[in-house]
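The next block holds one structure in the form of structure tokens; read it before the comments.
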Amino acid sequence: MKTTRAWQLGVKDFLIMSGSRQRPHLKRPVWIIVLVTFVIIFLVTAYVYPPTSSAACYIFSSRDCTLYNRPPAFPSRELSDDETISHVVIREILKTPPIQSKNSKIAFLFLTLGTLPFEPLWDMFFRGHEDRFSVYVHASREKPVHKSHYFIGRDIHSETVVWGKISMVDAERRLLAHSLLDPDNQHFVLLSESCVPLHNFDYVYNYLMLTNVSFIDCFTDLGPHGTGRYSEHMMPEVEKNNFRKGSQWFSMKRQHAIIVMADSLYYTKFRLYCKPNMDGRNCYADEHYLPTFFNMIDPGGIANRSVTYVDWSEGKWHPRSFRAQDITFEFLKNLTSMEDSIHFTSDPKRRVITGPCLWNTMKRPCYLFARKFYPETLDRLMIHFSNYTTV
Ligand SMILES: *[C@@H]1O[C@H](CO)[C@@H](O)[C@H](O)[C@H]1NC(C)=O
Ligand SMILES: *[C@@H]1O[C@H](CO)[C@@H](O)[C@H](O)[C@H]1NC(C)=O
Ligand SMILES: *[C@@H]1O[C@H](CO)[C@@H](O)[C@H](O)[C@H]1NC(C)=O
Ligand SMILES: *[C@@H]1O[C@H](CO)[C@@H](O)[C@H](O)[C@H]1NC(C)=O
């Protein structure tokens, strides 16, 4: 009975009880040792696992507790002026949710070389939902020929994009900038010409809009294709243990898109020190900048997974591309119903990180879109579309 009560009481009560006359059987030196041991364990725990709530911060920490409203966990070293400015701007944006527009839209950002082979499929996907989406196309090689009127007139100014170079990130930022001009755009999805939708529009809309996180892929790969690409030149702002990897195909909240616009400090670090063929290493900014940046500034605000499926299981330089003969109803249904995310690492053990796909803490299908599909798959995808997208 007594044991149960002590178990239920808080830490403070336990300390009082240990020293009270309710334990007459304990000799004085014994309970002093118990008390001291307990206090030491308590302090060490508080040090190793720093308090995350603001109340706990005021009690236990000598740090400035006003920074505790939400991450970022600011480094304890002295910050440069640029870092301080950057942290202030990011914190203010995170604390100020965007004004909810009455007519919230999803911006579909297509990063392509030229013409989009799957426009007829996207046309089926968009039809009937005209006031709830907008389309932007950044074609980096040639002017696209559009078939669907949802795409006509939606090309934005573009520049050449070189695979693996910072120009890829620049194109992503350009798409975000153009789409942020429309205040109705509340969520931003990056897609390529080889991407296809896996669910119907309503499903995608609710999945993205009725949650507060951005689906930015982010994981730790301690092998040569992960942390092995890190350069010490990124110090002190980006330490090696901050470095993350993730697929570039993001979907993000308006707040996060604005933060990407506001960032020049971390962007510049990656522009200068994460590039192919540098110091005998190949670093690809589009796979590391956003995962690392968001993991540092708002870890709880990202889902650490992408909503765009891609098949890396062959372990090659490029993911698997699907052909017409692959496209069956069973295959598509498989993609739409997957509930575990998979990350392949390049560490010596070739660790594979899997975990359930959570949406507002509930287990849900992981993917809304998939790549890469050859243009020849279009006809079969259109035949199956209304069938495989029915939930
Ligand atoms: C998202 O955040 C808003 C404002 O903080 C809150 O009212 C809403 O309940 C949150 N939605 C979910 C799904 O967590
Ligand atoms: C994403 O990962 C970070 C750091 O590993 C973690 O703090 C955060 O809770 C994760 N996000 C979600 C939504 O689980
Ligand atoms: C669907 O998934 C199951 C289980 O992962 C697999 O055994 C099967 O071969 C898949 N079918 C197709 C058509 O991809
Ligand atoms: C949808 O898929 C199911 C299962 O394969 C099949 O029985 C049905 O005929 C399909 N419907 C259409 C309209 O293709």
Side-chain angles (χ1 to χ4, degrees), residues 45-46 48-54 56-57 61 63 67-76 87 90-91 93-95 97-98 186-190 204 206-223 225-227 229-230 234 237-257 259-260 263 266 270 287-310 338-347 351-369:
T45 312
V48 175
Y49 303 98
T52 47
S53 78
S54 48
C57 175
S61 179
R63 276 177 281 178
L67 298 181
Y68 257 99
N69 291 328
R70 186 165 164 174
F74 295 102
S76 49
H87 287 175
I90 290 167
R91 194 183 64 196
I93 297 171
L94 287 176
K95 277 205 313 200
Q186 294 290 325
H187 205 105
F188 301 79
V189 185
L190 184 71
V204 168
N206 291 335
Y207 196 108
L208 296 178
M209 288 300 204
L210 301 181
T211 185
N212 285 332
V213 297
S214 291
F215 294 92
I216 295 172
D217 195 28
C218 176
F219 67 103
T220 309
D221 176 354
L222 296 174
H225 301 158
T227 319
R229 296 171 175 174
Y230 171 78
M234 293 189 183
E237 291 89 347
V238 183
E239 290 171 21
K240 193 171 189 174
N241 64 8
N242 296 137
F243 202 68
R244 292 292 183 281
K245 183 175 178 169
S247 151
Q248 79 185 103
W249 307 104
F250 63 71
S251 95
M252 64 169 79
K253 297 269 140 200
R254 189 173 176 92
Q255 247 180 339
H256 284 154
I259 289 174
V260 174
D263 176 46
Y266 297 93
F270 282 82
E287 287 187 357
H288 297 285
Y289 165 53
L290 292 178
T292 304
F293 180 55
F294 280 102
N295 182 64
M296 288 174 71
I297 61 138
D298 192 15
I302 62 169
N304 304 314
R305 65 183 177 92
S306 170
V307 285
T308 301
Y309 174 80
V310 59
M338 281 185 201
E339 291 196 338
D340 288 297
S341 77
I342 303 183
H343 286 119
F344 296 92
T345 71
S346 61
D347 63 23
R351 224 162 27 101
V352 177
I353 309 165
T354 57
C357 290
L358 300 179
W359 181 87
N360 291 343
T361 72
M362 293 169 287
K363 203 168 173 183
R364 284 288 179 278
C366 303
Y367 302 111
L368 303 178
F369 313 101

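Remember, it's 1-based here, ligands and their atoms both numbered in the order they're listed.
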Practice task
Output the list of atoms in ligand 2 that are nearer than 4.0 Å to some heavy atom of Ile302, sorted by atom number.
Solution key: 1 (C), 11 (N), 12 (C), 13 (C)
Exercise for the section: State, without any angle test, whether Tyr289 and Asp263 hold a side-chain donor-acceptor pair at a distance under 3.5 Å. Expected result: yes
Practice task
Determine, step by step, whether Thr211 and Asn360 satisfy the side chain to side chain donor-acceptor pair (under 3.5 Å) criterion, reporting the C-alpha distance in whole Å, the side-chain angles of both residues, the deciding distance to 0.1 Å, and the verdict.
Solution key: CA-CA 6 Å; Thr211 185; Asn360 291 343; 2.9 Å; yes
Exercise for the section: Select one of side chain, backbone, both or neither to describe which atoms of Asn295 lie under 4.0 Å from any atom of ligand 2, heavy atoms only. Expected result: side chain
Problem - Non-hydrogen side-chain atoms of Ile302 and Phe250 separated by less than 4.5 Å - result: no
Handout entry: Heteroatom distance test (Ala303, ligand 2): nitrogen or oxygen, under 3.5 angstrom
Key = no
Problem - Selected option - heavy-atom contact closest to atom 10 (C) of ligand 2, from Thr211, Asn304, Leu358 - result: Asn304
Practice task
Considering heavy atoms of the protein only, find what lies nearest to atom 7 (O) of ligand 2 and give residue, atom and distance to 0.1 Å.
Solution key: Pro299 CB, 4.0 Å
Exercise for the section: Please find out if less than 6.0 Å separates the ring center of Tyr207 from that of Phe215. Expected result: yes
Exercise for the section: Indicate the ring-plane relationship of Phe243 and Phe270, choosing parallel, tilted or perpendicular according to the 30° and 60° boundaries. Expected result: parallel
